[in-house]
2 protein chains.
Amino acid sequence: MSSTTTKIEPIGAVRERVLATLRQEIISGGLRPGDRLVERELAERFGVSRVPVREAIRALVAEGFVHFETPRRIVVRRLTPNDVKELFELREALEVYAAGLAAARATPQDLAEVEELLDRAAAATEAGDAETITDVNSRLHDRIVAMADNSLLIEALEPVAGRLRWMTRRNEEWPQLLVEHRELYEAIASGDPDRARAHALAHVRTNYDSTVRQLFGEAAELT
Amino acid sequence: MSSTTTKIEPIGAVRERVLATLRQEIISGGLRPGDRLVERELAERFGVSRVPVREAIRALVAEGFVHFETPRRIVVRRLTPNDVKELFELREALEVYAAGLAAARATPQDLAEVEELLDRAAAATEAGDAETITDVNSRLHDRIVAMADNSLLIEALEPVAGRLRWMTRRNEEWPQLLVEHRELYEAIASGDPDRARAHALAHVRTNYDSTVRQLFGEAAELT
DNA sequence: GTCCGCAGTTTGGTATACCAAACGCGTTGC
DNA sequence: GCAACGCGTTTGGTATACCAAACTGCGGAC
């Protein structure tokens with residue numbers, strides 16, 4: 001079917017395209033928690049067969065965006081306060097550790113790159129450009145983790161970052177966020193792992209509190 | 001084909017069977033680093049179609065046992081000293097954090113279960129029963145992580161534990177291991193997260209050193 | 001003798017077809 | 001009227017078929 005309707009795609013591209021689209025729709029809210037994913041339906045919609053759709057769904061399961069509600073029923077995951085708590089705990093474990101490694105391993109080039117990102121974040125914050133702020137902040141975290149120079153750590157944090165973007169769309173006290181990022185950077189640049197870990201910890205905890213407030217309101221904080 | 005030769009299997013069982021078998025063969029050494037995994041070959045060997053084999057291979061990739069050496073060439077991963085270092089760093093991040101949570105959250109039932117496991121480990125160590133020691137130690141770590149009461153943490157540690165079993169077959173100073181486990185347990189039971197974290201950290205580091213010695217010899221420790 | 005190129009083979013990616021279990025809904029019996 | 005049974009539909013699991021890219025090896029040209 002597709003051979004007549006679409007140009008030939010690079011190898012493995014169909015699965016990636018379906019995966020990226022679905023993930024994007026979940027993160028942006030087009031697909032909402034509880035919405036069902038039906039293989040045949042999606043295959044028809046994307047104009048592909050069920051096989052790549054299937055693999056994309058598996059990947060989404062692995063990333064934690066969807067799950068098998070019953071043996072044959074795949075739905076977008078519902079976010080309970082406990083889910084958020086667990087996610088932030090995992091994030092805390094990984095990012096705090098990464099910050100400690102980063103302090104020990106960062107090269108001058110690494111630090112220069114982060115400094116540039118901080119400048120861009122500052123400009124975007126001043127301008128109130130939410131899109132850019134989100135993007136730059138995401139890159140910032142990526143760079144800090146990359147400084148830890150451990151590919152497994154990077155892999156482990158990928159799905160965490162994805163789910164984080166999912167639940168923390170537009171909230172954030174941006175100026176406060178910028179201050180924390182700068183402090184974290186300075187701690188890492190100082191080469192003191194303990195200081196870096198402390199700042200990373202504080203940052204994640206602050207971010208957790210604000211996320212919980214945004215998602216569930218003040219009352220729910222007593223998880 | 002299979003409908004005439006084999007009984008009907010429970011849903012999703014084929015993929016799981018193939019996955020479990022391949023993982024076991026990698027861990028036990030039947031499949032060695034650099035060995036190739038060929039879909040058609042495995043499908044024929046297991047008497048199943050390529051689809052479940054395919055999904056099993058994807059899972060093995062996600063777990064880190066195999067990787068795409070080139071776009072069409074899937075091989076059992078080779079273990080470099082850096083791989084081991086990265087794995088133990090990830091383990092350190094997760095297990096140390098889990099130990100801290102466990103100290104804060106463990107229930108008396110949890111502690112009783114761990115105590116029982118420790119007794120069994122002690123008996124097995126005295127008897128020199130390697131099989132049982134390995135099994136009990138594995139359960140011990142599982143129980144400790146379970147005490148942290150965070151399903152994401154458990155999920156994240158699953159592939160780590162698998163790769164760990166892969167690289168740490170039969171070595172270990174068992175009596176020393178037992179002492180460390182008992183100390184970690186006592187730290188957790190004391191309810192002091194910092195103490196628990198310190199013991200977990202020491203335990204992982206010791207285990208790392210002995211693993212590196214086993215795999216690469218004394219000389220390679222200067223990674 | 002070496003290197004480049006072409007054709008056959010290998011192999012993972014994708015599409016299609018069939019199967020069996022689970023779900024829904026209507027019917028029927030109490 | 002309500003509950004339980006049963007049949008049809010839905011849907012994910014598995015098998016098979018076809019495709020295109022990459023690898024291999026042989027042969028010819030320089």
Side-chain angles (χ1 to χ4, degrees), chain A residues 1-23 26 31 34-78, chain B residues 1-23 26 31 34-78:
Chain A
M1 175 229 279
S2 74
S3 59
T4 63
T5 58
T6 61
K7 63 186 177 309
I8 287 110
E9 301 199 59
I11 203 144
V14 176
R15 189 184 77 247
E16 291 307 319
R17 178 163 56 89
V18 173
L19 173 58
T21 305
L22 288 177
R23 184 166 39 209
I26 292 172
L31 282 169
D35 281 358
R36 203 170 167 190
L37 298 186
V38 178
E39 282 188 8
R40 282 174 169 78
E41 210 173 86
L42 295 170
E44 187 177 8
R45 195 185 122 200
F46 287 107
V48 301
S49 86
R50 284 173 53 211
V51 179
V53 171
R54 188 183 183 68
E55 301 207 344
I57 289 178
R58 294 281 182 202
L60 289 172
V61 170
E63 292 175 18
F65 288 108
V66 307
H67 73 132
F68 281 67
E69 198 174 65
T70 72
R72 307 270 182 118
R73 193 181 177 84
I74 303 166
V75 301
V76 178
R77 204 159 178 171
R78 285 178 226 284
Chain B
M1 177 229 278
S2 73
S3 59
T4 64
T5 59
T6 61
K7 62 187 180 306
I8 288 111
E9 301 199 59
I11 205 146
V14 176
R15 189 184 79 248
E16 291 306 318
R17 180 163 54 90
V18 172
L19 172 58
T21 305
L22 289 177
R23 183 166 40 209
I26 293 172
L31 281 169
D35 281 358
R36 204 170 164 188
L37 298 187
V38 178
E39 282 189 7
R40 282 176 169 79
E41 210 173 87
L42 295 170
E44 187 177 9
R45 195 185 119 201
F46 288 107
V48 301
S49 87
R50 283 173 56 210
V51 179
V53 170
R54 188 185 183 66
E55 301 207 344
I57 289 177
R58 293 282 183 202
L60 289 173
V61 170
E63 292 175 19
F65 287 109
V66 307
H67 72 133
F68 281 66
E69 199 174 65
T70 73
R72 306 271 183 118
R73 193 183 176 83
I74 303 166
V75 301
V76 178
R77 203 158 179 171
R78 283 175 227 282

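Below, chains carry the letters A, B, ... as their sequence lines are ordered, and counting in each starts from 1. Quick note: numbers below take in every heavy atom, side chains included, and nothing from hydrogens, waters or symmetry partners.
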Which whole-number value in Å describes the distance from [X] [atom1] to [N] [atom2]?
X       : N      : atom1 : atom2 : answer
B:Leu42 : C:dT10 : CG    : P     : 16 Å
A:Glu69 : C:dA22 : CD    : P     : 16 Å
B:Glu44 : D:dT14 : CD    : P     : 19 Å
A:Arg36 : C:dA22 : CZ    : P     : 14 Å
A:Ile57 : D:dG12 : CD1   : C1'   : 9 Å
B:Arg50 : D:dG13 : CZ    : P     : 18 Å
A:Ile74 : D:dG12 : CD1   : P     : 5 Å
B:Phe46 : D:dA15 : CZ    : P     : 13 Å

Axial bend angle, the helix from C:dG1-D:dC30 to C:dC30-D:dG1: five-pair end segments, nearest 10°: 10°
Contacts of type salt bridge (Lys or Arg N to Asp or Glu O under 4.0 Å), residue A:Glu55, not counting sequence neighbours: A:Arg15, B:Arg54, B:Arg58
Neighbour count above 12 (heavy atom, 6.0 Å) for B:Glu44 CD: no
Considering all heavy atoms, the nearest A:Gly34-A:Arg78 contact: CA-NH1, 3.4 Å
Closest contact, heavy atoms only, B:Glu69 versus B:Val75: OE2-CG2, 3.7 Å
Any A:Arg17 side-chain nitrogen or oxygen under 4.0 Å from OP1 or OP2 of C:dG13: no
Below 4.0 Å: OP1/OP2 of C:dT14 and any side-chain N or O of A:Ser49: no
Less than 4.5 Å apart, any side-chain heavy atom of [X] and any of [Y]?
X       : Y       : result
A:Leu31 : A:Leu37 : yes
A:Ile26 : A:Glu63 : no
B:Leu42 : B:Val18 : no

Partner of B:Ile74 by side-chain contact (heavy atoms from CB on, under 4.5 Å), out of B:Leu60, B:Asp35, B:Val66: B:Val66
Where the side chain of [X] is defined as all heavy atoms beyond and including C-beta, which of [options] is the nearest nucleotide?
X       : options                : answer
B:Glu39 : C:dG13, D:dT11, C:dT11 : C:dG13
B:Thr70 : D:dT11, D:dA15, D:dC23 : D:dC23
B:Val48 : D:dA15, D:dC23, C:dT14 : D:dA15
B:Phe68 : C:dG12, D:dT11, D:dC23 : C:dG12

Sugar-phosphate only, base, or nothing, as touched by A:Leu37 at under 4.0 Å among non-hydrogen atoms: sugar-phosphate
Polar side-chain contact B:Arg54-C:dG12 base: donor and acceptor under 3.5 Å: no
Distance-only donor-acceptor test (3.5 Å): side chain B:Arg40, base C:dG12: yes
A:Glu55 or A:Arg73, whichever maps to the more 5' nucleotide of DNA chain C: A:Glu55
